[in-house]
Novice: 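Before we start, here is the structure in question, set down as structure tokens.
Per chain, numbering begins at 1; letters A, B, ... match sequence-line order. Both backbone and side-chain heavy atoms feed into the values below; hydrogens, waters and symmetry mates do not.
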There are 2 protein chains.
Amino acid sequence: MQTIAPELAELAALIADPGRAGILSRLMDGRAQTASELALVAGVTPQTASWHLSKLVERALLKVERRGPRRLYRLATPLVAQMLEGMMTVAAIDPHPARPPPRIDAEMRRARTCYDHLAGELGVAVADAMRERGHLHLDQEAGELTASGRALLGDLGIDLRAPARGRRLLCRPCLDWSERRPHLAGRAGAAVADLALQRDWIRRRPQGRSVEITEAGLAAFRDLFGARI
Amino acid sequence: MQTIAPELAELAALIADPGRAGILSRLMDGRAQTASELALVAGVTPQTASWHLSKLVERALLKVERRGPRRLYRLATPLVAQMLEGMMTVAAIDPHPARPPPRIDAEMRRARTCYDHLAGELGVAVADAMRERGHLHLDQEAGELTASGRALLGDLGIDLRAPARGRRLLCRPCLDWSERRPHLAGRAGAAVADLALQRDWIRRRPQGRSVEITEAGLAAFRDLFGARI
DNA sequence: GTAACGCTTCGATCATGATCGAAATGTTCA
DNA sequence: TGAACATTTCGATCATGATCGAAGCGTTAC
């Protein structure tokens, strides 16, 4: 019986190196990074990072684009991010409740981007608040934006009409690996994150995927969404 | 910056062995298997399989239950199956269109179970047909059963009310790794697969996850669902 | 109790691949 | 053209973990 198992193992082996896992994790915000930056994240020399990166590109998990003497790496497709989300969700499950739980950086747990939408306490709080106010149905497996939810986002200036190309779904749950509860993903989730960045509610920290919530953002998330953060 | 990356790598390393990948893949139909059977699937001796299995159980990807002198292994949670689905989807992407595409067993491609629902050509055909007849909206990221879809399944004797415990969603897309298109998962998908097994539309093959479509099944899927298979 | 069977543990061997220093390549800018 | 810089390639070393034979453990059946 021939199955996909060998390809599955090959794929997993690619993620099984701590350096490469760090690189992939770092790229989950969807932005591109230089090889040097990724070497730093992985904690290896540029030569070693280069070797890792070439393997990831060869297997089509990353794509690379040359910008002058630098090379910018990013996730090849959203499918890869979705896969990593799923793996992180399982990775966050502590198999031995006895041993100390995986220490997650406080800033990452507080607020971060997950590919293109909000995650961490902030992401879950926004999703919870929208759910409580009847804007949203969100389950571990699927999500739906209600009429009032569409109205809320519309009032904020978010255009929810589908783009001509790409049939990406409006509303999708994404299981938060630090909170272990779903937050808002899909087009709607990306739109909210975009809005928050544009209005300076959140700011990307220079390093990593965590974001800083501004004073204005704290007020906005509380007042406009009713989030308890 | 402390992230989940080390745990991600550790998890991936567990799947990175061809034997363990085969074992996990074999268990994706949700049924339990003995250690001996899994050793066969993995293509290793019972000792080696035992070592692999203990690692998988220790990391809480599998759970084990003793039945007399045998030990039965199964996936620990549906979350693990969902993660594997996502990985298989990426694993099925051929990074080098030049080199021969991963040879997938014809029976597996034709019809199989994916954890608890239908997959392969059959699964995709049923989902497509339901979509064409307006029973279903199904996208790569989310799914929704229409009123007519609920009626169809209701007429077939499927009770779609949620069980008291567990808030599993009714309708969910699952990206088919052999067809690269979504098929029907979630409670509705599981119910359809259950029905098909009960009415002898499909029969599990003794080995592996592929299923045989009976004559009656062929007629039923064509007549009742409008599937082109 | 004892034999049969399924499975696991132990120990030794062996192969794979991650790593970095050194050197080469390639790109931009002056 | 040459200098500066980012990145890659090459080569050698080293650590990890997959493997199986042999032996041990536990359960069931007679």
Side-chain angles (χ1 to χ4, degrees), chain A residues 5-27 31-74 95 206-207, chain B residues 5-27 31-74 95 206-207:
Chain A
E7 285 78 20
L8 175 63
E10 198 186 349
L11 171 65
L14 220 51
I15 311 171
D17 178 84
R20 286 195 295 261
I23 288 171
L24 290 168
S25 175
R26 176 70 173 84
L27 292 173
R31 288 183 299 173
Q33 301 292 341
T34 65
S36 313
E37 160 72 13
L38 293 173
L40 264 174
V41 169
V44 293
T45 59
Q47 308 94 289
T48 305
S50 171
W51 181 72
H52 287 317
L53 288 167
S54 69
K55 295 199 79 162
L56 292 169
V57 169
E58 187 192 11
R59 188 54 188 77
L61 292 188
L62 300 185
K63 59 185 174 188
V64 59
E65 132 195 12
R66 314 173 81 117
R67 175 102 39 110
R70 301 163 192 275
R71 298 200 185 183
L72 293 177
Y73 291 86
R74 68 175 73 236
Q207 310 271 40
Chain B
E7 285 79 20
L8 175 63
E10 198 186 349
L11 170 66
L14 219 51
I15 310 171
D17 178 84
R20 286 195 294 260
I23 287 170
L24 290 168
S25 175
R26 177 70 174 83
L27 292 174
R31 289 184 297 173
Q33 301 292 343
T34 64
S36 312
E37 160 72 12
L38 294 173
L40 264 175
V41 170
V44 294
T45 59
Q47 307 93 290
T48 305
S50 172
W51 181 71
H52 287 317
L53 288 167
S54 70
K55 294 198 81 162
L56 291 170
V57 169
E58 186 192 12
R59 188 54 187 74
L61 292 190
L62 300 185
K63 58 186 176 188
V64 59
E65 129 198 13
R66 313 174 80 117
R67 177 97 44 106
R70 300 163 191 275
R71 299 200 184 182
L72 294 177
Y73 292 85
R74 68 174 74 236
Q207 310 270 40

Novice: Check the phosphate of dT27(C) against Arg66(A), side-chain N and O only, distance under 4.0 Å to OP1 or OP2. Yes or no?
Specialist: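 For Arg66(A), the contact criterion (side-chain N or O under 4.0 Å from OP1 or OP2 of dT27(C)) is met.
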
Novice: What nucleic acid atoms does Ser54(A) come within less than 4.0 Å of, heavy atoms only: base, sugar-phosphate, or nothing?
Specialist: nothing

Novice: Can you tell which of dT8(D), dA18(C), dT8(C) lies closest to the side chain of Pro46(A)?
Specialist: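 So the side chain of Pro46(A) is nearest to dT8(D).
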
Novice: Tell me, do Leu11(A) and Ile15(B) make a side-chain contact under 4.5 Å, heavy atoms counted?
Specialist: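 Leu11(A) does not reach Ile15(B) side chain to side chain.
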
Novice: Return the 5'-most residue of the pair Pro69(A), Pro18(A) with respect to DNA chain C, ranking by each residue's nearest nucleotide.
Specialist: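 Looking at DNA chain C, the more 5' nearest nucleotide goes with Pro18(A).
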
Novice: Between atom CG in Leu40(A) and atom P in dA6(D), what is the gap in whole Å?
Specialist: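 For the pair Leu40(A) CG and dA6(D) P, the rounded distance is 12 Å.
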
Novice: Nearest to the side chain of Thr45(B), heavy atoms from C-beta on, is which of dT19(C), dA18(D), dC20(D)?
Specialist: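 Minimum distance to the Thr45(B) side chain belongs to dC20(D).
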
Novice: For dT8(C), take OP1 and OP2 only and decide whether either is under 4.0 Å from a side-chain N or O of Arg71(B).
Specialist: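 Indeed, a polar side-chain atom of Arg71(B) lies that close.
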
Novice: What's the CZ-P distance between Arg70(A) and dT25(C), to the nearest Å?
Specialist: 23 Å

Novice: To the nearest Å, how far apart are Leu53(B) CG and dT9(C) C1'?
Specialist: 14 Å

Novice: Can you measure Trp51(A) atom CH2 to dT25(C) atom P for me and round it to whole angstrom units?
Specialist: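 Nearest whole value for this atom pair: 22 Å.
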
Novice: How many whole angstroms separate atom CD1 of Ile15(B) from atom C1' of dA18(D)?
Specialist: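 For the pair Ile15(B) CD1 and dA18(D) C1', the rounded distance is 17 Å.
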
Novice: Do Arg31(A) and Arg74(A) have side chains that get closer than 4.5 Å, going by heavy atoms?
Specialist: no

Novice: Side chain of Gln47(B), heavy atoms from C-beta onward: which of dC20(D), dG21(C), dT27(C) has the nearest atom to it?
Specialist: dC20(D)

Novice: Do Leu56(A) and Arg20(A) make a side-chain contact, defined as non-hydrogen atoms from C-beta onward lying under 4.5 Å apart?
Specialist: yes

Novice: OP1 or OP2 of dA18(D) versus the side-chain N and O atoms of Thr48(B): is any pair under 4.0 Å?
Specialist: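 So the side chain of Thr48(B) is outside the cut-off, no N or O lying under 4.0 Å from OP1 or OP2 of dA18(D).
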
Novice: State which residues pass salt bridge (charged side-chain N to carboxylate O under 4.0 Å, His left out) with Arg67(B); sequence neighbours excluded, sorted by chain then number.
Specialist: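 With sequence neighbours excluded, Arg67(B) shows a salt bridge (charged side-chain N to carboxylate O under 4.0 Å, His left out) to Glu65(B), given in chain and number order.
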
Novice: For Arg70(B), which residues count as a side chain to side chain contact (heavy atoms under 4.5 Å, CB included) partner, sequence neighbours excluded?
Specialist: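 Expected list: Thr34(B).
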
Novice: Do any side-chain nitrogens or oxygens of His52(B) fall under 4.0 Å of OP1 or OP2 in dT19(D)?
Specialist: yes

Novice: Think Arg20(B) has a side-chain N or O under 4.0 angstrom from the OP1 or OP2 of dA18(D)?
Specialist: yes

Novice: How many whole angstroms separate atom NZ of Lys55(A) from atom P of dT9(D)?
Specialist: 13 Å

Novice: To the nearest angstrom, how far is Leu14(A) atom CG from dG17(C) atom P?
Specialist: 11 Å

Novice: Rounded off to whole Å, could you give me the CG-to-P distance for the Leu62(A) and dT8(D) pair?
Specialist: 12 Å

